[in-house]
Structures are given as structure tokens and as C-alpha cells.
Trainee: 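Here it is: the structure, laid out below.
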Amino acid sequence: SSAASDVYKRQDQCLAERFEWAQPGDYARVCSILEKAVYGGCELEAYEMRTLYYFLEKISAADTTDDWKIRIKMRYAC
């Protein structure tokens with residue numbers, strides 16, 4: 001939906017500005033892959049799995065202890 005797309009774009013921009021490892025489009029791409037797997041019932045390709053693992057590894061290691069709002073967004077977004 002358009003509303004979900006806007007949320008993804010805002011969250012994506014926030015992550016790209018906050019973390020140097022995040023590139024614009026990363027978050028939206030990860031959400032798209034997750035939706036494909038969960039709602040589409042599709043088995044993910046190897047490159048899609050690598051994308052998810054890479055993103056989760058980086059976001060898990062990110063230092064977010066200084067901003068509780070970012071921790072909440074990361075916990076409950078997507």
C-alpha cells in the first residue's frame with residue numbers, strides 16, 4: 001500500500017542518516033523481501049537470504065543505546 005511505502009521510505013531515510021553502513025534503499029529492500037516470504041509464501045533465493053542476514057547482522061551490532069526512540073523503531077518497524 002502507499003501508506004506502507006511512505007513509512008518504509010521514512011524509516012529507510014532515518015537509518016541511512018543515522019548509520020554509516022546503511023545505504024538508501026536497504027530498509028525498503030529488506031521489507032520487500034520479508035513481505036515476499038511471509039505474505040507471498042515464496043521461498044527466498046540465496047541472494048535474498050544474504051541480504052537479510054547482512055542487514056540483520058549490521059542492525060544488531062549498531063550502537064543505539066543513546067537513543068531510545070531509535071531502539072523502539074528498530075524493534076517494532078517492518
Side-chain angles (χ1 to χ4, degrees):
S1 85
S2 179
S5 178
D6 290 341
V7 170
Y8 294 164
K9 287 178 185 176
R10 285 194 309 269
Q11 188 66 21
D12 190 69
Q13 180 181 1
C14 178
L15 287 173
E17 291 172 0
R18 176 75 166 87
F19 302 109
E20 66 181 44
W21 56 264
Q23 299 296 315
D26 284 353
Y27 179 79
R29 184 171 31 260
V30 165
C31 288
S32 174
I33 292 170
L34 289 172
E35 287 174 352
K36 175 183 173 182
V38 173
Y39 300 122
C42 300
E43 190 168 328
L44 298 178
E45 300 287 335
Y47 73 91
E48 293 169 320
M49 291 299 295
R50 284 191 302 273
T51 299
L52 292 178
Y53 286 132
Y54 173 79
F55 186 84
L56 291 175
E57 180 180 290
K58 294 297 183 184
I59 201 85
S60 297
D63 180 20
T64 58
T65 57
D66 59 335
D67 192 341
W68 65 271
K69 289 180 184 178
I70 295 230
R71 286 197 317 263
I72 296 296
K73 285 181 182 179
M74 288 174 28
R75 171 86 170 122
Y76 295 105
C78 194

Trainee: For A16 versus P24, what's the shortest heavy-atom pair and its separation?
Mentor: CB-N, 4.0 Å
Trainee: Under a single-linkage rule joining Ile, Leu, Val, Met, Phe, Trp and Tyr whose side-chain heavy atoms are separated by less than 4.5 Å, which residues share a cluster with Y47?
Mentor: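 Members other than Y47 - counting any ILVMFWY side chain reachable under 4.5 Å - there are none.
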Trainee: Who pairs with D26 by salt bridge (Lys or Arg N to Asp or Glu O under 4.0 Å), at least two apart in sequence or on another chain?
Mentor: R29
Trainee: Among residues two or more places apart or on two chains, list those pairs meeting salt bridge (Lys or Arg N to Asp or Glu O under 4.0 Å) that have a residue in residues 38-48.
Mentor: K36-E48
Trainee: Please go through V38's hydrophobic cluster and name the other residues, only I, L, V, M, F, W, Y counting, with side-chain heavy atoms under 4.5 Å joining them.
Mentor: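 Noted: V38 shares its cluster with Y39.
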Trainee: Hey, mind stepping through F55 and L15 against side-chain contact (heavy atoms from CB on, under 4.5 Å) and telling me if it holds?
Mentor: CA-CA 11 Å; F55 186 84; L15 287 173; 3.9 Å; yes
Trainee: To the nearest 0.5 angstrom, please state how far the CZ atom of R50 sits from the CD atom of E57.
Mentor: 13.5 Å
Trainee: For E17, which residues count as a side-chain hydrogen bond (donor to acceptor under 3.5 Å, both in side chains) partner, sequence neighbours excluded?
Mentor: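 Applying side-chain hydrogen bond (donor to acceptor under 3.5 Å, both in side chains) to E17 gives Q13.
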Trainee: Can you sort out the partners of R10 under salt bridge (Lys or Arg N to Asp or Glu O under 4.0 Å), two or more places apart, ordered by chain and number?
Mentor: none
Trainee: Pair V30, I59 - check side-chain contact (heavy atoms from CB on, under 4.5 Å), show working.
Mentor: CA-CA 12 Å; V30 165; I59 201 85; over 6 Å; no
Trainee: Would you say Y8 ends up clustered with Y54 if hydrophobic residues are merged whenever their side chains have heavy atoms under 4.5 Å apart, either directly or through other cluster members?
Mentor: no
Trainee: So, taking the atom named CG in D6 and the one named CD in Q11, what distance separates them when rounded to the nearest 0.5 Å?
Mentor: 13.0 Å
